Trainee: 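Dropping a structure here in C-alpha cells format, bear with me for questions.
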Amino acid sequence: MAHTTFFLIGVPTITSTPFSCKRLVLSLGLVCVLLLGLPGSVLGRGLRIDLEVSAPLLEKAPVRLMTVDAASLLTRGFPGSTVTVNQPQGADVLLKLRCESTAPPSQSRAPRPYPTLHAPRCDFSWRWSCRGAQRLCELQAATPEAVAAGVYALLQERLGYRFLHPRQTVFPAHRRWPLPLRGGFSGRPRFDHRGFHLHTLHPIELAEQLHDPLRPGAFEDVAEYLDWLARNGQNSFQFFLLREVDRERWPSFARRIVTYAQSRGISCGIELSLSMLQQQAFQALTLLRPYPCYRTQVDRTLAWLFQVPWDFVTLDATMGEHLPLLGRLLPGVQRHFEEAVQNRYRARLFYATHVIAAEEIGTQRRPQLSQSGILIHTVMDYSVSEPVAPVYGNRNQQPMLAAARRENARRETWFWPESSYWVCYDSPVPLLLLTYLPSRLHDIREMERIGVSGHLTFSTGWEWGYWLVDWSIARWSWEYRNGTAGGRGGDTLAAATPLGPFADLVGDPPAARLFAEALSLQQDFLKGRGLQRYLAALAPFSELPPLLSQPFQPDPGFPLQAVLGRDGAARAGELREAVRGLEAYGAAMTLLCDRIDHRVEQAAKSRGAEPGLALAREVATALRVGALRARHRAATLEALLAEREVRFGSGDPKRVGDLLAEAAVLRHRALFLVRVEEGRYRYASALLSQRRPSFTAYGFGYLFPVSRLFFWEREEEQVRRERFDPFFRSLWDFGRVLGVGSLISR
C-alpha cells in the first residue's frame with residue numbers, strides 16, 4: 001500500500017512503495033520521463049518533490065512557516081507523492097528557492113514624499129526547465145516575504161490549488177507534474193499593503209475568538225485565518241477592538257496573535273475609537289468622565305494597548321455614524337493621541353473615514369499631523385466612481401474617489417472598501433449580491449492607477465457566497481505575468497472579469513456563462529432599476545419618523561405606511577412599479593437557477609463530485625434564495641397595496657390574506673434551502689446562527705436572522721398588523737447598539 005508523506009530535515013524517511021517493486025517502478029518512471037518528458041506516477045510510484053531552501057533563509061519565520069505549510073499542501077495535491085526539504089538527490093521536481101537582495105524588481109515604485117508603513121518587497125519570478133530527468137523550478141525573490149508569496153502563488157496560480165476560505169482549500173489531484181517543460185511567470189503586488197479588516201463590531205465568524213482568550217480554540221481559529229491571508233499573498237490584518245474585552249487577560253493573548261501574524265509576514269493593526277458610542281466600540285476616553293483628564297485617559301489607554309506590538313493603529317474620531325466629530329470638540333486630545341502613537345510607541349497611525357458627509361474628509365476629518373495616514377472608506381456593492389450609489393444620504397461615492405486622489409498626494413492613503421455590509425442588507429436577508437465583484441475589481445484598478453499604497457478590504461462574514469468576494473479581491477490584488485520578470489508575457493489578470501476566479505474554480509465554461517448571466521440580471525434589476533432598496537430589509541433607524549430617521553442603505557425613500565394614507569396615490573404607483581420589477585427578477589433568476597442546476601448536474605455526471613461543482617451548487621442555492629426573496633417582497637408589497645384598496649372601498653379583504661399566505665409559502669420554501677445551506681457552514685451554527693452572548697452589541701451570530709428568515713416574517717406581520725415602527729418585532733437591543741451608557745462608563 002502506497003504512503004503519502006513529506007519530509008523535513010531530521011524527519012525519518014518512509015518509503016512510498018514496497019521494496020520489491022522499487023526497481024520496476026523506477027525503470028518505468030525513467031521511461032515515462034524519457035518518452036513523455038513528464039515525471040509522474042507509474043504503477044504506484046508517486047512524484048518525488050523537493051524544496052531546496054538555504055539554511056539562513058529557512059531561519060526566517062515567513063519562509064520556515066511557509067515551507068512546512070507548502071510541503072503539506074503539495075502532499076495533499078499530489079496523491080502518492082513524497083515531499084522533502086533539502087534532499088534534492090533523486091527528486092523528480094526540484095523547487096529551488098532563492099532570496100537575493102539583487103533580484104531585479106518587476107516594477108519599481110517612486111518613493112513617496114511622506115512617511116509610510118514599511119512593506120518588504122514581494123515581487124518574485126519563477127523559471128522552470130529540465131535538468132536531465134529532473135524538473136527544475138527556480139524562484140528568484142529579494143526578501144523572505146517575497147519567497148513565501150512566490151511559493152503560494154505557484155500553488156494557486158499555476159498548480160490548481162484554491163485558497164478560497166480559511167476553512168476550505170480546494171486541492172488538485174495531480175499524478176504528474178503539470179507544468180510545461182520550460183517557462184515561467186512573475187508576480188507583483190498591485191499595492192504595497194494588501195489585506196483585510198474584519199469588522200468585529202458585527203457578530204461575524206472571528207469576532208468572539210479575537211476578543212476572548214478563554215474561548216476554546218480561539219487562537220487556532222485566528223491563526224487559521226492568518227494562514228489564509230498568507231496563502232493569498234496578503235500582508236495586512238486589522239480588526240475593531242470592543243470595549244468589554246478582559247483588560248487583564250487579553251493583552252497577552254493579543255500579543256500571541258500579533259507575533260504569529262508578523263512571523264507570517266503580516267502587519268497587524270487594531271482599530272479603536274476616541275469615544276464612539278455605538279456598537280460596543282472600544283473607547284480611548286470616556287466623554288462624561290473628565291477626571292482624570294482626557295489626555296491622561298488617552299495615555300493610560302495607549303500604555304495598556306501597546307503591551308502588544310501593533311504595527312499600525314486606526315482611530316475613529318467620530319462619536320458614531322451621523323454624530324459629531326470629536327476632532328472638532330477635542331482637537332488637542334486628538335493631536336495628543338496621534339503624537340503618542342507615532343512618537344512614543346513608533347506605530348503608524350491611520351484615520352478611519354465614513355461616507356457620511358464625505359466632502360468633509362479634506363477639512364474637519366483631516367489628520368492633524370502630516371505623518372498620519374488615512375483609510376478611504378466606501379460601502380456596499382457600489383464602486384467608488386459609479387454615478388448612482390444611494391448610501392448614507394449621498395448621491396454617490398465619488399467624493400471618496402476625489403479624497404483618495406487628494407490625500408494620496410500628501411499622506412499615506414489606503415483604500416478601505418466593503419466586501420459585504422451585513423446590517424439588514426445582504427447576508428442576513430440573505431441576499432448574495434454578485435454585484436460586489438465588478439465594483440471591487442473596478443476599484444482595485446482605479447486605486448492602482450491613482451497609486452494609493454494600500455488596499456484593506458472591510459469584511460463582514462463569508463457565508464452565503466461572500467467567501468467568493470474576499471477570495472476574488474485577494475487574487476486581484478496581484479498582477480501575474482507569463483514569462484519571467486522583465487519578459488514580454490502578458491498580464492494574466494489584465495483581462496480579468498468579475499467572475500473570473502469563480503469560473504476558474506468551477507472549471508466548466510457553460511456553467512460559468514450561466515453565472516455571468518446571473519450577474520447581468522442583478523446588475524440590470526437590482527442596481528440599474530434600483531430594486532436593491534426593496535430587497536434589503538429596512539434598517540431600524542430608517543423606520544423612525546421623518547425628522548428622526550437617518551439614511552444608511554438604499555431604501556424605498558419614503559415610509560411604506562404612507563401608501564395607506566389618502567395622499568399616498570403617487571407612492572402606491574411607485575410600489576406597483578417595484579412589484580412588477582421584483583416579480584420579473586424573481587422569475588428570471590429562478591429560471592436561470594434551474595438552468596445552472598441542470599448544467600452542474602450534467603458536469604457532475606461526466607467529471608464526478610468535484611469541489612468546484614459543489615461550490616457552484618452553493619452559490620446557485622444563494623441565488624435561488626435571492627429569487628424567492630424578490631417574489632416574497634413583491635407579495636408583501638402587493639398585499640400592502642391591496643390593503644390600501646380595501647381602505648378606500650375598492651378592494652377585497654380576502655386578497656390581502658391570500659397575498660400574505662402566498663408570501664408565507666415562499667418563505668417556507670426558502671427556509672428549506674436555508675436548512676440545506678446551514679449544513680455547509682464552515683463554522684459551528686451555535687456561533688453563526690443562534691442566540692448567544694457576544695462581545696458585540698448583538699446577542700446572536702450574524703446569520704441568526706437567516707436561520708428563521710426573520711426579516712421576511714416581520715414584513716408579513718407589518719402588513720398584517722399595519723405596524724411600521726422600529727420597535728415592532730425588533731431584533732435589536734437599541735440601548736446596547738446606541739451605547740449611550742458609555743458616555744459615563746466603559
Side-chain angles (χ1 to χ4, degrees), residues 199-205 207-208 211 240 242-244 273 276-283 316 318-323 354 356 379-380 391-393 418 420-431 460-461 464 533-556 559-561 629 633 636 667 686-719 721 723-743:
H199 198 56
T200 46
L201 292 182
H202 298 157
I204 58 176
E205 282 90 345
E208 305 306 313
H211 289 89
F240 209 122
L242 300 176
R243 71 176 65 120
E244 292 181 356
S273 74
M276 180 191 283
L277 304 183
Q278 69 187 51
Q279 295 189 99
Q280 296 295 298
F282 189 94
Q283 300 167 324
D316 193 315
T318 67
M319 293 179 65
E321 294 174 325
H322 295 292
L323 293 177
H354 298 264
I356 306 165
V379 297
M380 304 174 201
V391 298
Y392 285 82
E418 290 184 343
S420 58
Y421 181 79
W422 186 61
V423 179
C424 300
Y425 190 67
D426 38 42
S427 58
V429 175
L431 191 64
T460 310
W464 289 94
R533 56 199 176 120
Y534 296 100
L535 288 180
L538 287 175
F541 298 108
S542 66
E543 295 182 314
L544 289 169
L547 294 179
L548 298 175
S549 64
Q550 295 290 346
F552 288 90
Q553 61 209 39
D555 59 33
L560 291 177
Q561 62 268 31
R629 166 64 179 164
R633 194 60 173 137
T636 57
R667 173 167 50 85
L687 177 70
L688 300 188
S689 58
Q690 296 180 19
R691 288 195 178 274
R692 57 172 174 79
S694 176
F695 283 87
T696 73
Y698 310 94
F700 44 78
Y702 81 109
L703 296 177
F704 172 70
V706 177
S707 68
R708 49 187 285 196
L709 295 181
F710 170 83
F711 296 118
W712 302 34
E713 186 176 16
R714 180 176 185 265
E715 288 161 359
E716 294 169 31
E717 292 303 309
Q718 282 184 302
V719 176
R721 304 193 186 191
R723 283 283 304 276
F724 297 92
D725 61 87
F727 304 103
F728 175 68
R729 299 192 63 163
S730 175
L731 189 64
W732 318 108
D733 181 338
F734 286 100
R736 192 166 169 83
V737 172
L738 292 173
V740 177
S742 67
L743 284 167

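Reckoned from all heavy atoms, side chains included, excluding hydrogens, waters and symmetry mates. The residues of the chain are indexed from 1 along the displayed sequence. On a predicted model such as this, the values are computed, not experimentally measured, just so you know.
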Trainee: Quick one: list whatever passes side chain to side chain donor-acceptor pair (under 3.5 Å) with Tyr698, sequence neighbours left out.
Mentor: Gln279
Trainee: If you take all heavy atoms of Leu242 and Thr200, which pair is closest and at what distance?
Mentor: CD1-O, 3.4 Å
Trainee: Identify the two heavy atoms, one from Glu418 and one from Met380, that lie closest to each other, and give their separation to 0.1 Å.
Mentor: OE1-N, 2.8 Å
Trainee: Considering all heavy atoms of both residues, which atom of Gln553 and which atom of Ala539 are nearest to each other, and what is their separation?
Mentor: NE2-N, 4.1 Å
Trainee: Quick check for you: to the nearest 0.5 Å, what is the distance between Arg633 atom CZ and Leu535 atom CG?
Mentor: 8.5 Å
Trainee: Say whether, by atom type as modelled, one donor and one acceptor occur between the side chain of Asp426 and the main chain of Tyr421 under 3.5 angstrom.
Mentor: yes
Trainee: With rounding to the nearest 0.5 Å, note down the distance linking NE2 in His202 to OG in Ser694.
Mentor: 11.0 Å
Trainee: Relative to the ring of Trp422, is the ring of Phe700 parallel (under 30°), tilted (30 to 60°) or perpendicular (over 60°)?
Mentor: tilted
Trainee: Quick check for you: to the nearest 0.5 Å, what is the distance between His354 atom NE2 and Glu321 atom CD?
Mentor: 6.0 Å
Trainee: With rounding to the nearest 0.5 Å, note down the distance linking CD in Glu205 to CG in Leu703.
Mentor: 7.0 Å
Trainee: Between atom OH of Tyr425 and atom CG of Leu538, what is the distance when rounded to the nearest 0.5 Å?
Mentor: 13.5 Å
Trainee: Side chains of Gln718 and Glu543: does their closest heavy-atom pair fall under 4.5 Å?
Mentor: yes
Trainee: With a 4.5 Å heavy-atom cut-off, do Asp725 and Pro545 have their side chains touching?
Mentor: no
Trainee: Could you tell me whether the side chain of Phe734 reaches within less than 4.5 Å of the side chain of Pro540, counting heavy atoms only?
Mentor: yes
Trainee: Strictly distance-based, threshold 3.5 Å: is any side-chain N or O of Arg714 a donor or acceptor partner for the main-chain N or O of Phe728?
Mentor: yes
Trainee: Please report the closest heavy-atom contact between Leu731 and Phe704, naming both atoms and the distance.
Mentor: CD1-CE2, 3.6 Å
Trainee: For a 4.5 angstrom cut-off between non-hydrogen side-chain atoms, does Phe552 reach Ser542?
Mentor: no
Trainee: Could you pull out all residues at least two apart from Glu716 that satisfy side chain to side chain donor-acceptor pair (under 3.5 Å)?
Mentor: His632, Arg667
Trainee: Is there a donor-acceptor contact under 3.5 Å from the side chain of Ser273 to the main chain of Asp316?
Mentor: no
Trainee: Does the Trp712 side chain pair with the main chain of Val429, one donor and one acceptor, at a distance under 3.5 Å?
Mentor: yes
Trainee: What pairs meet the side chain to side chain donor-acceptor pair (under 3.5 Å) rule with one or both residues in residues 727-739, with sequence neighbours excluded?
Mentor: Glu244-Arg736
Trainee: Calculate, to the nearest 0.5 Å, the distance between atoms OG and CD1 belonging to Ser427 and Ile204 respectively.
Mentor: 9.5 Å
Trainee: Heavy atoms, side chains only, cut-off 4.5 Å: are Leu277 and Leu738 in contact?
Mentor: no
Trainee: Where do Arg243 and Gln278 come nearest, in terms of heavy atoms and distance?
Mentor: NH2-O, 4.1 Å
Trainee: Show the nearest heavy-atom pair for residues His199 and Thr460, with the distance to one decimal.
Mentor: CB-OG1, 3.7 Å
